[in-house]
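One structure is given here, and the rest of the page talks about it.
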Amino acid sequence: MLTELHIENVAVIRRSDIAFGPGLNVLTGETGAGKSIVIDSLGAILGGRVSREIVRTGSAQASVTAVFTPSEQSDAWLADNGIEPEDELIIRRRISADGRSACRVNGEPVSAAQLRALGALLVDVHGQNDGRRLMDEANHRRFLDGFGRCGGELSAFAAAYGKWKATAAEISSLEMDAAEKERLTERLRAEIDELERAGLRDGEYDELEARRGLMRNSEKLTEYLDGAYEALYGGDDSAVSLCGSGEALAARAAEMMPELSGAVENLRSAAALMDDAAETIRDLRDGLDFSPEEYDRLEERASQLRRLFKKYSRGEPELVTYLDECRSRLDSLEYSDDTVAKLRRRLASEETEVKKAGAALTEARRKAARELEERIEAELRDLSMPSARFKVDITPVSAETGFNSTGCDEVRFLMSANSGMELGRISRIASGGELSRIMLAMKSVLAESDSVDTMVFDEIDTGVSGIAAQRVGEKLAKLALGRQVLCVTHLPQIAAMADEHFRIVKSDTGSGTETAVEPLDRGGRVAEIARLTGGDVVTETTRKSAAELLDAAADFKKGGF
């Protein structure tokens with residue numbers, strides 16, 4: 001639940017702190033007073049797009065901070081994103097005058113995409129665009145599946161469809177016209193022949209480069225090895241000889257001084273090590289058999305490998321792998337007819353499974369459709385549309401296979417708003433006021449399976465008046481029994497149902513225009529509802545009528561609906 005919203009330097013709001021409560025929270029005000037700014041500010045907290053135009057003129061940045069009561073869903077999101085859950089969930093977003101945005105959740109920086117994911121778990125915003133989404137038949141299947149909780153059937157269908165789709169794609173990749181198949185076969189054979197003749201071996205190029213490096217420095221290398229061997233073993237004054245003499249003399253001294261025995265052993269070990277080193281150097285020197293012919297062979301081989309690397313845009317290990325891939329692809333082409341036949345048998349079996357899963361999904365949808373029709377019609381009767389009929393039209397998809405990625409069904413909502421009228425598409429049948437009530441009816445029904453704690457309705461009253469407005473207010477009050485509802489409205493009937501009422505007021509301070517959000521007590525609510533009823537002309541009669549409207553709303557809510 002949203003408990004606090006702090007807005008600072010957003011458009012004409014310099015600073016405002018709004019403490020929302022449970023139940024129905026209503027925001028009213030003159031047209032242009034800034035009600036939409038509050039909704040836009042909440043949208044920013046939920047990860048919506050923001051621009052520098054939102055920053056109040058003359059300010060370096062705007063900021064919005066929201067405090068929510070944590071839920072199991074939000075705590076799980078925090079854990080998944082490495083953020084420590086706390087007693088409150090605090091979301092802050094800053095927008096600088098140059099358009100940059102910074103988001104934090106419980107003090108930790110997050111991206112706007114992360115914020116959108118979290119926001120979807122916290123608040124469900126319904127604005128005038130929802131009416132357009134309701135008219136868009138592409139959304140109807142999703143609405144029905146959500147209401148019917150068809151997740152299990154959808155998952156089973158998606159799994160079967162995924163297997164079928166993968167097999168179909170594999171068949172498609174193997175099927176080609178004869179000329180294309182011949183061209184590809186010839187190319188693969190030529191590449192395999194070239195790479196096999198090259199005798200590729202992983203690590204060979206590095207070995208070639210190392211050998212070529214030795215040969216380029218052969219003179220100096222020989223000089224160094226000869227010098228090292230001479231120093232170690234080349235004569236009477238060599239290191240090995242001198243060390244041996246030292247050992248012999250030390251051994252005689254040790255006969256008189258036993259404590260020298262350790263030094264004697266060290267000299268003996270040193271002599272042995274130097275002797276081994278000398279032999280190693282001698283063997284390496286003897287193995288230096290460089291010739292111009294060998295260098296030419298190395299250079300030619302390295303050049304051949306570099307040409308292959310460039311031609312195939314691959315290094316040595318990748319070329320070895322590529323050769324195996326070419327062999328495998330050629331085998332697939334040469335035996336593609338047999339492979340395709342096997343795949344087609346598998347595809348037929350998988351198609352049977354898809355249709356079986358699709359039939360189960362269709363049955364779940366038809367069951368959900370019957371219940372949704374009854375529930376929506378009941379809700380519409382409560383909203384002063386007693387003759388309205390609502391139908392979920394489920395027809396087979398037009399695809400040749402009888403299914404697509406969403407199942408075997410096309411889904412669209414049909415309705416008749418008045419008695420005697422034929423059922424028709426919502427986009428052609430419903431007026432603005434009727435569309436608002438249909439949307440509210442659907443949200444009221446669908447909200448039962450929705451785990452989001454806060455719902456926002458931005459001017460749900462479009463095209464509604466009179467008794468219909470009263471019914472919309474009552475419906476919102478009922479909806480707010482199980483969750484928090486925020487509603488922007490121009491209708492006194494809806495405002496009277498509020499558990500918390502806020503007035504949006506715009507004024508000229510002399511230094512500029514500012515908008516404030518004021519919580520209203522009983523007297524303030526009477527005055528505001530009187531204004532909503534009578535406009536500029538607020539009389540004692542309109543005040544009395546406003547008070548009666550508040551009392552009637554209180555009696556309605558006390559009656560337990």
Side-chain angles (χ1 to χ4, degrees), residues 1-7 18-20 22 39-51 54 61-96 99-127 129-130 133 139 141-163 165-166 361 364 405-406 443 446-456 482-486:
M1 184 181 78
L2 175 64
T3 58
E4 296 178 35
L5 185 65
H6 172 78
I7 305 171
I18 312 172
F20 293 106
I39 302 301
D40 290 344
S41 298
L42 183 57
I45 282 294
L46 302 177
R49 285 190 174 184
V50 294
S51 66
I54 199 174
Q61 67 175 19
S63 69
V64 185
T65 304
V67 181
F68 290 89
T69 303
S71 64
E72 289 185 9
Q73 285 184 306
S74 65
D75 282 348
W77 184 93
L78 292 175
D80 290 342
N81 287 270
I83 300 174
E84 191 70 26
E86 298 179 5
D87 293 337
E88 295 180 321
L89 175 60
I90 302 175
I91 303 175
R92 177 174 291 110
R93 190 166 186 183
R94 290 191 175 93
I95 305 96
S96 62
R100 288 181 296 179
S101 169
C103 317
R104 289 184 177 272
V105 174
N106 284 356
E108 298 293 332
V110 298
S111 66
Q114 287 176 296
L115 204 55
R116 282 192 293 275
L118 176 58
L121 304 175
L122 298 172
V123 181
D124 196 1
V125 180
H126 311 290
N129 288 336
D130 280 320
R133 283 197 288 271
N139 295 315
R141 176 191 51 78
R142 182 172 55 82
F143 286 142
L144 177 64
D145 288 344
F147 171 76
R149 298 182 179 179
C150 301
E153 291 83 0
L154 282 168
S155 296
F157 177 83
Y161 179 82
K163 291 180 180 179
K165 188 74 172 176
L361 177 57
S405 61
T406 64
K443 295 300 181 184
L446 297 177
E448 295 176 8
S449 57
D450 193 348
S451 58
V452 176
D453 290 333
T454 300
M455 299 178 71
V456 178
R483 68 193 63 236
Q484 183 187 50
V485 176
L486 277 59

Q: Could you walk me through whether Leu122 and Asp453 pass side-chain contact (heavy atoms from CB on, under 4.5 Å), step by step?
A: CA-CA 6 Å; Leu122 298 172; Asp453 290 333; over 6 Å; no

Q: Could you go through the side-chain contact (heavy atoms from CB on, under 4.5 Å) check for Leu78 and Leu89 one step at a time?
A: CA-CA 10 Å; Leu78 292 175; Leu89 175 60; 4.1 Å; yes

Q) How far apart are the C-alpha atoms of Val123 and Ile45, what are their side-chain angles, what is the distance that settles it, and do they pass the side-chain contact (heavy atoms from CB on, under 4.5 Å) test? A) CA-CA 10 Å; Val123 181; Ile45 282 294; over 6 Å; no

Q.
If you apply the rule side-chain contact (heavy atoms from CB on, under 4.5 Å), what do you find for Leu46 with Val125, and how did you get there?
A. CA-CA 10 Å; Leu46 302 177; Val125 180; 3.8 Å; yes

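The distance from atom CZ of Arg49 to atom CD1 of Ile54, rounded to the nearest 0.5 Å, is 14.0 Å. Asp124 CG to Met455 CE: the interatomic distance, rounded to the nearest 0.5 Å, is 5.5 Å. Atom CG of residue Leu361 and atom CZ of residue Arg141 lie 9.0 Å apart, to the nearest 0.5 angstrom.
Scanning for side chain to side chain donor-acceptor pair (under 3.5 Å) contacts around Gln73 gives Ser451, with sequence neighbours left out. By the side-chain contact (heavy atoms from CB on, under 4.5 Å) test, Arg104 pairs with Pro109, sequence neighbours left out. For Thr69, the side chain to side chain donor-acceptor pair (under 3.5 Å) criterion is met by no residue, not counting sequence neighbours. Evaluation of the side-chain contact (heavy atoms from CB on, under 4.5 Å) rule for Ser63 yields Glu8, Arg94 as partners, not counting sequence neighbours. By the side-chain contact (heavy atoms from CB on, under 4.5 Å) test, Ala364 is found to be paired with Cys150, Glu153, residues two or more places apart in sequence or in another chain being considered.
In summary, of the residues considered (Thr3, Leu486, Val67, Thr454), a side chain to side chain contact (heavy atoms under 4.5 Å, CB included) with Phe20 occurs for Leu486 alone.
Looking at Ser74 and Leu121, their side chains never come closer than 4.5 Å, going by heavy atoms from C-beta outward.
The backbone N or O of Ser101 lies less than 3.5 Å from no partner atom in the side chain of Arg93, so there is not a single donor-acceptor pair.
Sorted by first and then second residue, the side chain to side chain donor-acceptor pair (under 3.5 Å) pairs involving residues 77-90 (not counting sequence neighbours) are Asn81-Gln114.
In plain terms, the two heavy atoms of Val110 and Ile83 that are nearest each other are CG1-CD1, 3.8 Å. Nearest approach of Pro70 to Asp75, heavy atoms of both residues: CB-OD1, 3.7 Å.
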